[in-house]
Amino acid sequence: MNALIFDVDGTLADTESVHLDAFNHAFKVEGLDWHWTVEHYTRLLDISGGKERLLHHWRTVEPALKEVGAGAVNDTIHRLHETKTAYYESAVGQGAVTLRPGVLALMSEARRQGLQLAIATTTSPVNIAALLRSAIGPDWRSHFLAIGDASNAPVKKPNPQVYMKVLAELGLRAADCVAFEDSSNGLRAARAAGLDTVITPNGFTAHHDFTGALRIVPDLSQVSVARLKEWHNR
Ligand code: XBP
Ligand code: MG
């Protein structure tokens, strides 16, 4: 076991409630009478990617949308997502979320033992930076040998593209790594890339199907490198 590959949203931190607030803020700024409830957003999380989620919602609430020019739709979605991302970045930068239990300890122990760390997420680079800059510090990027995100892996989970990209950048086989995820889309992407995957569900994903997971644990507070090697080797 030479590397640990971490998903971001819902795995490193419980970020989805802040993403939800950011979407609702963007709707207000745009003057749209949309408001996503926790229940509705929980369902929308079956779609990976904020822009993709916006388009899916727009299509469901406005079937006549297809008459609107694709250009106009894309422009509005980009504007909404920019406003949403700016709100998210500032909220997380002000400490709106902290890392989930055990995440920092496992990362530190892994680095001390010479394992590589990587990130494989659907979200935008600015969101990763906002979270890890406040959780780890200004040198957070040096902790990760590879980072796959929306800017360099546009085909979103459950497609394995982001994990394949990270494995290529690490120069490692899937068999030499373990992934960490919180959602069924994430698990399917990691499994499709051949990765043993530890699942830490959260309030938004507890109902997901985690068939094929290496282990399902409430959080990483009881997960050490030794325990991971034991699970991985077995
Ligand atoms: C989960 C996602 C992301 C976020 C929103 O990412 O699907 O889209 O919900 O972020 P992860 P964006 O793979 O880390 O679990 O609006 O930047 O897409
Ligand atoms: Mg996730």
Side-chain angles (χ1 to χ4, degrees), residues 5-27 36 38 40-58 76-93 96-97 99-100 103 118-132 135 144 146-166 179-193 195 197-210 213 216-217 219-220:
I5 307 174
F6 293 89
D7 166 53
V8 172
D9 294 302
T11 301
L12 293 185
D14 273 326
T15 53
E16 291 298 356
S17 47
V18 183
H19 281 295
L20 175 56
D21 293 347
F23 281 113
N24 286 328
H25 166 79
F27 302 150
W36 289 350
V38 169
H40 185 56
Y41 190 65
T42 301
R43 289 190 294 275
L44 281 173
L45 282 173
D46 290 346
I47 297 155
S48 290
K51 294 192 197 98
E52 295 80 356
R53 220 165 280 149
L54 287 165
L55 184 58
H56 172 82
H57 174 79
W58 199 352
T76 305
I77 288 199
H78 276 278
R79 203 170 46 249
L80 278 169
H81 197 253
E82 255 163 31
T83 307
K84 174 254 169 185
T85 301
Y87 178 97
Y88 178 88
E89 190 188 3
S90 113
V92 169
V97 288
L99 296 185
R100 291 183 69 181
V103 168
I119 283 176
T121 177
T122 301
T123 197
S124 322
V126 287
N127 295 342
I128 306 168
L131 176 67
L132 295 178
F144 301 93
I147 298 178
D149 59 43
S151 69
N152 55 34
V155 186
K156 308 271 170 78
K157 302 170 183 176
N159 184 288
Q161 184 187 61
V162 67
Y163 281 105
M164 302 304 280
K165 180 186 169 10
V166 165
F180 298 84
E181 274 282 358
D182 72 304
S183 68
S184 58
N185 278 346
L187 173 62
R188 289 165 57 200
R191 295 298 303 144
L195 288 156
T197 307
V198 174
I199 295 290
T200 52
N202 54 57
F204 285 99
T205 66
H207 61 289
H208 286 196
D209 174 4
F210 295 124
I216 302 169
V217 290
D219 59 43
L220 297 178

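As the structure lists them, so they are numbered: ligands from 1, and atoms in each ligand from 1.
In this structure, NZ on K157 lies 3.5 Å from CD on E181, to the nearest 0.5 angstrom. Atom CD1 of I77 and atom NZ of K84 lie 13.0 Å apart (nearest 0.5 Å). Note that CG of N202 and OG1 of T11 are 7.5 Å apart. Values are rounded to the nearest 0.5 Å. Atoms CG and OG1, from D9 and T123 in turn, are 5.0 Å apart once rounded to the nearest 0.5 Å. Once rounded to the nearest 0.5 Å, the distance linking NE2 of H78 with OG1 of T83 reads 12.5 Å.
The pair R100-D182 does not count as a salt bridge, with every side-chain nitrogen at least 4.0 angstrom from each carboxylate oxygen.
Only the side chain of Y41 comes within contact range of ligand 1, with a heavy atom under 4.0 Å; no backbone atom does. Proximity of T11 to ligand 1, defined as any heavy-atom pair under 4.0 Å, is not found for any part of the residue. The side chain of K157, and not its backbone, has at least one atom closer than 4.0 Å to an atom of ligand 1 (non-hydrogen atoms only; side chain from C-beta on). By the criterion of a heavy-atom distance under 4.0 Å, the side chain of H81, and not its backbone, is placed next to ligand 1.
A side-chain contact (heavy atoms from CB on, under 4.5 Å) with L12 is found for exactly one of T200, I128, L220, L131, namely L131. Partner of W36 under the side-chain contact (heavy atoms from CB on, under 4.5 Å) criterion, chosen from D21, T42, N24: N24.
Both tests do not hold together for K165 against Y163: distance to the six-membered ring centre under 6.0 Å, angle to the ring axis within 45°.
Across G50, S124, A120, heavy-atom proximity to atom 18 (O) of ligand 1 is greatest for G50.
Judged by the shortest distance from any of its heavy atoms, S48 lies inside the 4.0 Å radius around the atoms of ligand 1. Note on ligand 1: E52 sits outside its first shell, no heavy atom being nearer than 4.0 Å. Taking a 4.0 Å cut-off on heavy atoms, R53 registers as neighbouring ligand 1.
In this structure, atom 6 (O) of ligand 1 lies nearest to the protein heavy atom D9 OD2, 3.1 Å. Residue, atom and distance of the protein heavy atom nearest to atom 17 (O) of ligand 1 are T123 OG1, 2.7 Å. D7 OD1, 2.9 Å is the protein heavy atom nearest to atom 11 (P) of ligand 1. For atom 14 (O) of ligand 1, the closest heavy atom belonging to the protein is T121 OG1, 2.5 Å.
Residue N127 has at least one heavy-atom neighbour below 4.0 Å for each of these atoms of ligand 1: 17 (O). Near E16, the atoms of ligand 1 lying under 4.0 angstrom from a non-hydrogen atom of the residue are 1 (C), 4 (C), 9 (O). Interface of G49 with ligand 1, defined as ligand atoms under 4.0 Å from a residue heavy atom, comprises 7 (O), 8 (O), 18 (O).
Taking each heavy atom of P201 and A206 in turn, the nearest pair found is CB-CA, 4.1 Å. In plain terms, the two heavy atoms of A190 and A179 that are nearest each other are CB-CB, 4.1 Å.
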| request: I would like to know whether F27 and L80 meet side chain to side chain contact (heavy atoms under 4.5 Å, CB included); could you show each step before the answer? | output: CA-CA 7 Å; F27 302 150; L80 278 169; 3.9 Å; yes

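Counting only protein atoms, the N, O or S atoms lying less than 2.8 Å from the Mg ion (ligand 2) are D7 OD2, D9 O, D182 OD1, ordered by chain and residue number.
Using the six-membered ring where Trp is involved, H19 and Y88 have ring planes that are parallel, under 30° apart on the 30 and 60° scheme.
Any N or O atom pair closer than 3.5 Å counts here, and T122 shares at least one such pair with ligand 1.
In this model, no donor atom of one side chain and acceptor atom of the other lie less than 3.5 Å apart for S183 and N185.
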